[in-house]
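The block underneath contains the structure these notes are about, expressed in structure tokens.
Computed from heavy atoms alone, side chains included, the values below leave out hydrogens, waters and symmetry copies. Whatever order the structure lists ligands and atoms in, that order sets their numbers, starting from 1.
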Amino acid sequence: MPKFRQRWSEPLATTAHPRSATALPCQACGSTALESFYELNGVPAHSCLLLPTRAQALAFPRGDLELVFCHDCGFIGNARFDIGLNRYSAAYEETQAFSPRFLKFLDEICHDQIRKSGLSPGMTALEIGCGKGEFLTRLCELSGCNGIGLDPGYHPERNQSIAAERMTFIRDLYGPRYAHLQAEYVSCRHTLEHIAPVQEFMRLVRETIGSRRHVSVFFELPDMERVLQTGVFWDVYYEHCTYFTRGSLARLFRAAGFDVIGLYKAYDDQYLMIEAKPAPGPTPSRLPQEDDLASTAALVRRFSKEVELRLQELAAAAQRWRRSGQKVAIWGSGSKSVSLMSSVDLGDTLQAIVDINPHKHGKFLAGSGREIQSPDALTALRPDAVIIMNSIYTEEIRHELASRGLKPELLPL
Ligand SMILES: [Zn+2]
């Protein structure tokens with residue numbers, strides 16, 4: 001039998017002993033009406049940091065997860081998140097930009113954002129947490145605007161764009177020392193979920209904009225509603241210390257002095273998009289999709305059961321592969337696979353972890369200590385089954401496998 005470490009908790013309501021974490025107020029609204037609903041101990045503190053040796057990957061610091069739900073604003077956060085374990089640096093390798101499917105999506109959102117914000121030559125776009133700068137660069141290329149990007153993980157040598165001369169990259173985390181940066185457009189993609197003091201962060205963003213009410217604001221982050229509905233526990237990991245649904249995200253923006261003008265899901269409903277304009281003060285809810293507090297509370301109560309079902313399905317697949325002596329590979333070495341391997345032990349059946357990002361090849365995954373290989377390694381291995389860590393890439397991966405003469409069973413997650 002494959003080993004499964006079942007370490008999530010029952011909802012707090014059925015637990016006799018109170019948890020210290022629930023004494024902490026909500027990071028989004030300050031309420032103390034928090035309910036603990038999911039627990040996972042000893043998970044790798046980072047999942048996108050690549051380690052040069054197996055020993056370093058195995059010894060990588062671990063932290064604990066305890067998801068709490070705020071009954072007043074719907075915010076979900078890891079009550080046991082320890083910022084001291086954060087190590088964001090140039091070794092952080094999060095980019096998905098080696099995937100044609102992802103690049104197409106990036107182009108679509110750039111065109112959409114330029115149309116909505118009116119970005120044009122002479123204007124400036126600021127991106128907080130710009131990663132490798134793909135979005136900001138494409139925005140500058142397509143609109144002719146100037147760009148300012150902030151991220152400790154930016155690699156200037158990888159940016160070959162002709163728009164680079166109109167762009168300034170600051171290899172640092174955003175903070176009060178950058179409150180003077182002025183821009184007509186402020187974006188923040190896949191960053192808010194890495195920030196614990198979200199209320200403080202949003203206030204700072206609002207302060208940076210000041211009285212310039214014409215500024216357009218766009219945030220993109222994972223959607224927690226889908227994770228709760230489907231029990232996809234591999235989308236919950238230590239690096240993500242905060243989780244939002246449409247309602248809780250809108251409430252955070254409104255309380256910080258923004259009016260929410262757009263609120264929707266994208267990328268097969270995996271991502272949450274919010275478009276906002278600065279307002280003189282807090283704004284009242286006015287979009288129907290913000291009204292999700294009761295439905296989120298119901299999903300939170302069911303989450304552990306959904307996770308159990310996903311674990312049982314994976315256990316059944318792993319048992320079947322093991323019995324028939326089949327070889328399995330995982331395609332995708334990002335946070336999802338680190339998270340999957342923290343909960344599921346596929347043992348000897350798992351023969352390879354591959355990724356299309358060449359910057360990851362030959363490096364090791366925190367926690368499991370597995371080496372990341374090029375998809376070319378599968379040509380010799382000839383796996384019987386391939387676990388696809390993000391189902392949105394299924395057709396792209398099926399094509400990549402076929403081009404190597406491979407037709408394994410696919411298990412898209
Ligand atoms: Zn709250």
Side-chain angles (χ1 to χ4, degrees), residues 8-13 15 18-40 64-83 188 190-207 217 219-229 235-260 263 265 271-274 276 278-279 281-304:
W8 63 89
S9 73
E10 288 298 306
L12 189 64
T15 312
R19 294 179 190 286
S20 59
T22 53
L24 292 169
C26 168
Q27 297 269 19
C29 77
S31 164
T32 52
L34 301 181
E35 180 183 338
S36 173
F37 69 98
Y38 179 73
E39 217 177 312
L40 198 61
D64 296 334
L65 272 172
E66 182 187 354
L67 294 189
V68 292
F69 170 70
C70 173
H71 283 279
D72 282 327
C73 78
F75 169 81
I76 292 169
N78 177 10
R80 290 200 246 156
F81 180 72
D82 176 4
I83 189 108
C188 183
H190 300 274
T191 295
L192 189 65
E193 67 274 23
H194 297 261
I195 293 165
V198 287
Q199 189 180 42
E200 204 181 310
F201 178 79
M202 288 312 301
R203 281 185 183 154
L204 182 65
V205 173
R206 182 64 193 85
E207 275 170 34
V217 176
F219 275 47
E220 179 185 321
L221 51 153
D223 171 45
M224 189 57 171
E225 186 181 41
R226 180 191 62 92
V227 175
L228 293 172
Q229 279 166 343
D235 277 341
V236 173
Y237 36 85
Y238 199 80
E239 274 186 11
H240 287 183
C241 50
T242 61
Y243 298 83
F244 292 90
T245 64
R246 286 173 295 183
S248 61
L249 186 62
R251 281 183 278 281
L252 178 74
F253 268 67
R254 292 193 179 286
F258 287 99
D259 188 19
V260 178
L263 185 63
K265 299 186 189 190
Y271 298 159
L272 196 51
M273 327 289 259
I274 188 165
T283 60
S285 162
R286 61 179 179 82
L287 303 173
Q289 63 270 38
E290 295 176 52
D291 182 19
D292 68 359
L293 202 50
S295 59
T296 308
L299 290 173
V300 156
R301 283 194 289 274
R302 250 189 31 218
F303 183 61
S304 288

Handout entry: Under 3.5 Å: donor-acceptor pair, side chain of T283, backbone of F258
Key = yes
Problem - Y237 and H240 aromatic ring geometry - parallel, tilted or perpendicular at 30°/60° bounds - result: tilted
Exercise for the section: Could you check whether the rings of F69 and F37 sit parallel, tilted or perpendicular, using 30° and 60° as the cut-offs? Expected result: perpendicular
Handout entry: the Zn ion (ligand 1): angle it makes with SG (C73) and SG (C70), nearest 10 degrees
Key = 110°
Fill in the blank from the handout: C29 SG to C26 SG via the Zn ion (ligand 1), rounded to 10°, gives 110°
Problem - Any N, O or S atom of H71 closer than 2.8 Å to the Zn ion (ligand 1) - result: no
Practice task
Among F219, F244, F201, find the one that has a ring pair (Phe, Tyr, Trp, His ring centres under 6.0 Å) with F253.
Solution key: F219
